[in-house]
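Single-structure report; data block below.
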Amino acid sequence: MTAHPYCRLECENGEAYDDPSEDLIFDLMRSFEPPNNSHLIIEGVDGCEWYVVAALLEEGVYEVEFRDPARRVHRVDRASRLSEVANDMIVWISDTVRYHEVRASPPQPM
C-alpha cells in the first residue's frame with residue numbers, strides 16, 4: 001500500500017479498502033451473493049471523478065461499469081468469468097491512475 005491512496009474500494013456492506021489489489025477485488029467479488037451483497041465500487045481519490053462499479057447480476061453474470069469523465073470514457077461490460085472481470089478492472093484502474101498522475105504532475109523544466 002502506498003503512503004497516499006490513489007483509489008478506494010467500498011463494498012455494499014460498508015467495508016472499505018484503500019488501493020485494493022487484484023486478489024482482494026477477486027476475493028470480494030467471489031463472495032457476492034445477490035441481492036444483499038452483490039456489488040462494489042472503486043473510486044479515485046483527491047478530486048478524481050473516475051469510478052468502476054462491479055455487480056453480480058441474478059443470472060450469474062458480472063456487469064462492470066467503467067467511467068472517467070476526464071478521458072471521456074464510459075462503458076459497461078458483461079462477462080461470466082470472474083478472473084477475466086477482476087483482471088480487466090485492475091488494468092483499467094492502473095491505466096486511469098497513471099493518466100491522472102501524469103495530468104496532475106507539474107510540467108518539468110527544459
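What's counted below: heavy atoms across the whole structure, side chains too, no hydrogens, waters or symmetry copies. Numbers here are sequence positions counted from 1.
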From [X] [atom1] over to [Y] [atom2], what is the distance, rounded to the nearest 0.5 angstrom?
{"X": "M29", "Y": "Y62", "atom1": "CE", "atom2": "OH", "value": "6.0 Å"}
{"X": "S80", "Y": "L56", "atom1": "OG", "atom2": "CG", "value": "11.0 Å"}
{"X": "R75", "Y": "E65", "atom1": "CZ", "atom2": "CD", "value": "11.0 Å"}
{"X": "Y99", "Y": "C48", "atom1": "OH", "atom2": "SG", "value": "10.5 Å"}
{"X": "E22", "Y": "I93", "atom1": "CD", "atom2": "CD1", "value": "10.0 Å"}
{"X": "M89", "Y": "F26", "atom1": "CE", "atom2": "CZ", "value": "12.5 Å"}

query: Got a sec, which pairs hit side chain to side chain donor-acceptor pair (under 3.5 Å) with one end in residues 85-95, sequence neighbours left out?
result: D95-R98

- request: Verify side-chain contact (heavy atoms from CB on, under 4.5 Å) between D18 and C7, making sure each step is shown before the conclusion.
  value: CA-CA 6 Å; D18 289 338; C7 70; over 6 Å; no

task: Show your working on side-chain contact (heavy atoms from CB on, under 4.5 Å) between D68 and H100 and close with a plain yes or no.
output: CA-CA 10 Å; D68 182 3; H100 286 276; 3.0 Å; yes

Side chain to side chain, [X] and [Y], heavy atoms closer than 4.5 Å:
{"X": "V97", "Y": "W50", "value": "yes"}
{"X": "I90", "Y": "I25", "value": "yes"}
{"X": "D77", "Y": "E63", "value": "no"}

- request: Go through the structure and list residues passing side-chain contact (heavy atoms from CB on, under 4.5 Å) with R81, not counting sequence neighbours.
  value: S83, E84

field: Single-linkage hydrophobic cluster L82~V91, side-chain heavy atoms < 4.5 angstrom
entry: no

Can you give each donor-acceptor pair under 3.5 Å made by side-chain atoms of residues 33-46, sequence neighbours left out, with the distance rounded to 0.1 Å?
| residue | atom | partner | partner atom | Å |
| --- | --- | --- | --- | --- |
| N37 | ND2 | S31 | O | 3.1 |
| S38 | OG | E12 | OE1 | 3.4 |
| H39 | ND1 | E12 | OE1 | 3.2 |
| D46 | OD2 | H4 | NE2 | 2.3 |

message: Regarding Y17 and E15, do their side chains bring together a donor and an acceptor under 3.5 Å, going by distance alone?
response: yes

task: Apply side-chain contact (heavy atoms from CB on, under 4.5 Å) to V64 and V52, showing your working.
output: CA-CA 7 Å; V64 183; V52 177; 3.5 Å; yes

- request: For D19 and Y6, indicate whether the former's side chain and the latter's backbone hold a donor-acceptor pair under 3.5 Å.
  value: yes

